[in-house]
Amino acid sequence: MLSFRKSATGEKIFCFGKSPFFPGVEEAAVAAGAAGAGSPSVPADQAQDVVSRLSAAGLSMCVSALGSPARSSPVSAGSEHGERFSRKVFVGGLPPDIDEDEITSSFRRFGPLVVDWPHKAESKSYFPPKGYAFLLFQDESSVAALMEACITDDDKLYLCVSSPTIRDKPVQIRPWRLADADFVLDASMPLDPRKTVFVGGVPRPLKAVELAMIMDRLYGGVCYAGIDTDPELKYPKGAGRVAFSNQQSYIAAISARFVQLQHGDIDKRVEVKPYVLDDQMCDECAGARCGSKFAPFFCANVTCLQYYCEHCWATIHSRPGREFHKPLVKEGADRPRAVPFRWC
């Protein structure tokens, strides 16, 4: 949400307030201002339009954050907390016969690390089954050192590695910039969690600015987009959030249910659902019929779009036309899921 504080001279300065629904927005704004875009970001004309609107709103902090992409190298950029990149790095296009020990040896010169890939423990395999793996470095400085050693081709980073049968094969190195996890498109609007959608299956290379632009092009009214990251390594989890400034755009997005994310090499159909909160009171009884407990159910049908306690859900959804509505509940990683409702 937006608020203001007083400077040393007593002047009011607008800034982002902490929000449990949109973690990292204010940190991302500061980081983006310090680090710049570095990699592909907002088109220049759109970025200038955003800057103009922010300037008109008096949001100087946001202006520096959302300005034109910086022309410094990715490694030279920094943030106020010193961290610039996730310690988890994607490496793709590995030789088919390279094993875990050989991958570790190829990247150990940059610092202590662990090599991982999906379902590694269950498969008990020594070879990445799909030709890619993740490098989990102990120190963030190792990521910067790795990037410095890479060669750049078509805005992508590559490093040569060898296996028993293939020598000096270029593999793609894809670090994750922390500032790319949040993007504010319209800072003049408050972030309303009840006009926010959850986007599941977001491709991990997709940045928040790219998600914001895609959704704004499709539905309009986007004021914020965020990429969900894990708390330890701060690497994308494959999901995102998009906040709209108006109810019409929000309803259009959740009514579509699916959206085609197309950007560069990315072309994927993903699911869109309402962003479900776990600290809302029942919109019907305001807690009067459930002992003031938070409402466990949210109805995503456009005729409802409300939170309900169990008693009010049963009452409202026993009416004709609503008996087939399915309640959504919040589960791990902010992912909403439909649950069966057992009628009493």
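FYI, side chains are in, hydrogens and waters are out, and symmetry mates aren't considered; it's all heavy atoms of this structure.
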Heavy atoms of Tyr224 and Val184 approach each other most closely as CD1-CG2, 4.2 Å
Check the pair Leu135 / Val91 against side chain to side chain contact (heavy atoms under 4.5 Å, CB included), numbers first and verdict last.
-> CA-CA 7 Å; Leu135 311 176; Val91 53; 4.0 Å; yes
Look at the side chain of Glu140 and the backbone N and O of Phe85, then say whether any donor-acceptor pair between them is shorter than 3.5 Å.
-> yes
Does one hydrophobic cluster hold both Met213 and Val270, with members joined at side-chain heavy-atom distances below 4.5 Å?
-> yes
Between Ala243 and Leu191, what is the shortest heavy-atom contact and its length?
-> CB-CD2, 4.4 Å
For Asp153 and Tyr158, indicate whether the former's side chain and the latter's backbone hold a donor-acceptor pair under 3.5 Å.
-> no
Considering all heavy atoms of both residues, which atom of Val115 and which atom of Glu100 are nearest to each other, and what is their separation?
-> O-OE2, 3.9 Å
Ion pair Asp101/Arg108, N-O distance below 4.0 Å | no
Polar side-chain atom of Gln280 near backbone of Leu277 as donor-acceptor pair, under 3.5 Å | no
Enter the distance from Cys150:SG to Arg174:CZ here, rounded to the nearest 0.5 Å.
-> 13.0 Å
Residue pair Val197 / Val242, side-chain heavy-atom distance below 4.5 Å = yes
Backbone N/O of Leu157 and side chain of Thr152: donor-acceptor pair under 3.5 Å | no
Do Thr303 and Asn301 pass the side-chain hydrogen bond (donor to acceptor under 3.5 Å, both in side chains) test, and can you show the C-alpha distance, the side-chain angles, and the key distance before you say yes or no?
-> CA-CA 5 Å; Thr303 61; Asn301 191 284; 2.6 Å; yes
Indicate yes or no for a side-chain donor-acceptor contact from Arg87 to the backbone of Phe137 under 3.5 Å, with no hydrogens or angles considered.
-> yes
Can you find a heavy atom in the side chain of Ser318 that is under 4.5 Å from one in the side chain of Glu323?
-> no
To the nearest 0.5 Å, what is the distance between CD1 (Ile214) and CG (Leu261)?
-> 5.0 Å
Assess the pair His317 and Tyr308: is the distance between their ring centroids shorter than 6.0 Å?
-> yes
Given the rule in the side chain to side chain contact (heavy atoms under 4.5 Å, CB included) test, do Arg322 and Ile316 qualify, once you have shown the distances and angles that lead to the verdict?
-> CA-CA 8 Å; Arg322 297 196 181 191; Ile316 298 299; 3.2 Å; yes
Side-chain ion pair, Asp182 and Lys207, N-O less than 4.0 Å | no
Kindly check if the number of other-residue, nucleotide or ligand heavy atoms within 6.0 Å of CG (Asp265) is above 12?
-> no
So does Arg241 pair up with Asp228, basic N to acidic O under 4.0 Å?
-> yes
With no hydrogens and no angle check, do the side chains of Asp186 and Ser245 hold a donor and an acceptor under 3.5 Å apart?
-> no
Contact summary for Cys309 and Cys282, nearest pair of heavy atoms | N-SG, 3.4 Å
Can you check whether Lys237's main-chain N or O pairs, donor with acceptor, with Arg204's side chain at less than 3.5 Å?
-> yes
Mind checking whether Ser163 and Leu94 have side chains closer than 4.5 Å, heavy atoms only?
-> no
Okay, side chain of Asp230, backbone of Leu233: is any donor-acceptor separation there less than 3.5 Å?
-> yes
Polar side-chain atom of Asp216 near backbone of Val222 as donor-acceptor pair, under 3.5 Å | yes
Shortest non-hydrogen separation from Leu159 to Ala149 and the atoms involved | CD1-O, 3.5 Å
With a 4.5 Å limit on heavy-atom distance, are the side chains of Tyr235 and Phe90 in contact?
-> yes
If we only count heavy atoms from C-beta on, is the Tyr132 to Val171 side-chain gap below 4.5 Å?
-> no
Checking Lys88 against Phe134: charged group under 6.0 Å from the ring centre and within 45 degrees of the axis?
-> yes
Tell me, with the steps shown, if Ile173 and Phe107 meet side chain to side chain contact (heavy atoms under 4.5 Å, CB included).
-> CA-CA 11 Å; Ile173 305 298; Phe107 294 95; 3.8 Å; yes
Flag side-chain contact, heavy atom, 4.5 Å: Ile227 against Asp180 | no
On the ring face of Phe258, is Arg269 found with NZ or CZ under 6.0 Å from the centre and within 45° of the axis?
-> yes
Path from Phe294 to Val329 over hydrophobic side-chain contacts below 4.5 Å = no
Any sub-3.5 Å donor-acceptor pair from Thr196's side-chain atoms to Asp192's backbone N or O?
-> yes
Do Met281 and Phe297 belong together in a cluster built from hydrophobic side chains that touch within less than 4.5 Å?
-> no
In this structure, are over 12 heavy atoms from other groups packed under 6.0 Å from Lys293 atom NZ?
-> no
What's the spacing between Ile103 CD1 and Ile98 CD1 if we round to 0.5 Å?
-> 5.0 Å
Among the clusters formed by ILVMFWY side chains lying less than 4.5 Å apart, do Ile266 and Phe183 turn up in the same one?
-> yes
Any side-chain heavy-atom pair from Pro95 and Val161 closer than 4.5 angstrom?
-> yes
Test log, rule ring-ring contact (aromatic ring centres under 6.0 Å, His included), inputs Tyr307 and Phe298 | CA-CA 4 Å; Tyr307 287 87; Phe298 177 79; 4.7 Å; yes
Could you state the interatomic distance from CZ (Arg84) to CZ (Arg177), rounded to the nearest 0.5 Å?
-> 9.0 Å
Using a distance-only test with no angle check, is there a side-chain donor-acceptor pair under 3.5 angstrom linking Asn246 and Ser249?
-> yes
Charged N-O contact under 4.0 Å between Arg289 and Glu310 | no
Shortest non-hydrogen contact from Cys223 to Pro190?
-> SG-O, 4.3 Å
Could you tell me the separation between the CZ atom of Arg257 and the NZ atom of Lys273, rounded to the nearest 0.5 Å?
-> 8.5 Å
Is atom CD of Gln247 surrounded by more than 12 heavy atoms (other residues, nucleotides or ligands) closer than 6.0 Å?
-> yes
Look up atom CZ in Phe244 and atom CD1 in Ile254, then write down how far apart they are to the nearest 0.5 Å.
-> 9.5 Å
Could you tell me whether the side chain of Cys299 reaches within less than 4.5 Å of the side chain of Leu305, counting heavy atoms only?
-> no
